[in-house]
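Bear in mind that the values here come from a model prediction, so they are computed numbers and not experimental data. Just so it is clear: chains get the letters A, B, ... in the order the sequence lines come, proteins before strands, and each one is counted from 1.
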Amino acid sequence: MEHLQLAQLGAGIAIGFGAIGAGLGIGFATKGLMDAVSRQPEVAGKAFGFFLLGAALSEACALYAFVVAFMLLGK
Amino acid sequence: MEHWIYTTSLFGHTLSFNLDTIFTMWFAMICLIIFAFVATRNLSIVPGKLQAFCEKIMGFFWGTMDTMIPEQNKQHVPLVASLFLFILFANLMGQLPLRIIHIKQGELASPTNDINLTAAMAVIVLIYYLSAGIMKKGPRFFLHDFSFTSIVMALVEVLEMVTRPLSLAIRLFANVFAGEILISIALGACAYFAPLPIMLFEILVAFIQATVFMMLTIAYIGSATGEEH
């Protein structure tokens with residue numbers, strides 16, 4: 001295969017594996033939010049703020065993979 | 001995505017400026033300065049609408065500082081507040097229709113889609129929390145005592161001095177950049193209404209990323225000036 005095709009393959013693999021981690025992270029964060037809200041419904045507003053923060057932090061891992069994939073494609 | 005890079009040489013060194021980033025950064029700063037000037041022009045004991053709104057914003061910063069740094073936290077508010085407001089204005093600027101102004105290369109979008117700007121802000125945060133820790137604790141900031149554990153932890157902290165600004169810079173840059181790529185993909189699919197939900201989502205992302213940058217800055221300052229680290 002040529003170098004460009006290999007780079008495209010690598011970009012696909014990078015963003016795919018990165019998305020696995022971020023998906024797991026946001027899933028766990030949602031699970032925590034649901035647990036907290038079903039146990040104490042009055043903290044829903046406060047817990048949602050922390051949930052957004054944690055989801056943004058774990059989403060960033062997929063974005064690191066996205067940057068790597070974009071750098072691979074830009075070669 | 002691509003920038004209008006102006007290259008010049010000064011004393012034998014090659015300097016390159018991303019002109020579109022500089023322009024949009026100054027635009028965001030001018031918006032922020034005008035907002036701050038208008039908001040603080042007629043201060044009164046009984047606040048008007050604008051003053052009440054700005055006092056709510058300052059109350060948000062002070063409340064966040066109080067929850068994360070227990071004591072002596074008021075001195076860190078200026079840096080944290082200006083970082084938050086600047087990132088918020090810069091991210092929201094990406095949704096303004098500034099792209100209809102054609103420039104030679106690249107486009108006028110949000111300035112945080114350039115990694116140079118976010119890396120500069122991350123380095124400012126690094127220098128600030130290092131100097132805050134050194135001013136609070138002196139040389140004991142680097143090495144608490146001479147034991148095996150603390151020497152290993154000091155080496156880990158030297159590693160953190162690199163990884164913390166790196167992750168701060170890449171997180172903000174990649175969020176804004178990925179949003180622009182998503183919008184351009186949706187534009188390619190159907191140019192009329194397909195990008196609209198993604199643009200609305202980007203407004204949410206602008207607020208969240210500004211909050212995340214501010215929270216992490218406060219956490220780093222708190223861990224540097226706290227009792228044990």
Report, one line per pair, each donor and acceptor closer than 3.5 Å where one atom sits in a side chain of residues 114-131 of chain B; sequence neighbours left out.
from     : atom 1 : to       : atom 2 : distance (Å)
B/Asp114 : OD1    : B/Asn116 : N      : 3.2
B/Asp114 : OD1    : B/Asn116 : ND2    : 3.0
B/Asp114 : OD2    : B/Asn18  : ND2    : 2.7
B/Asp114 : OD2    : B/Thr21  : OG1    : 2.9
B/Thr118 : OG1    : B/Ile115 : O      : 3.1
B/Thr118 : OG1    : B/Ala169 : O      : 3.4
B/Tyr128 : OH     : B/His76  : ND1    : 2.9
B/Tyr129 : OH     : B/Arg164 : NH1    : 3.3
B/Ser131 : OG     : B/Ile127 : O      : 2.8
B/Ser131 : OG     : B/Tyr128 : O      : 3.0

Inspect the contact between A/Arg39 and A/Asp35 and indicate whether a charged nitrogen and a carboxylate oxygen are less than 4.0 angstrom apart. no
For B/Phe84 and B/Phe61, I'd like to know if the aromatic rings sit close, meaning centre-to-centre distance below 6.0 Å. yes
Rounded to the nearest 0.5 Å, what separation is found between the CD1 atom of B/Ile185 and the CD atom of B/Glu180? 12.0 Å
Value for SG (B/Cys31) from CG (B/Leu85), rounded to nearest 0.5 Å, stands at 12.5 Å
Close contacts, residues 21-29 of chain A versus chain B, judged by heavy atoms under 4.5 Å: none
Enumerate by number any residue of residues 44-55 of chain A whose heavy atoms lie under 4.5 Å from heavy atoms of chain B; in the absence of such residues, state 'none'. A/Leu52, A/Leu53
Sequence neighbours left out, what pairs pass side chain to side chain donor-acceptor pair (under 3.5 Å) with at least one residue falling in residues 187-205 of chain B? none
If you count heavy atoms of other groups shown closer than 6.0 angstrom to CZ of B/Phe207, is the number above 12? no
Working note: B/Phe177 + A/Phe66, criterion side-chain contact (heavy atoms from CB on, under 4.5 Å); need CA distance, chi angles, decisive distance, verdict. CA-CA 10 Å; B/Phe177 188 64; A/Phe66 169 77; 3.6 Å; yes
Got B/Leu92 and B/Leu88 here, is their nearest side-chain heavy-atom distance under 4.5 Å? yes
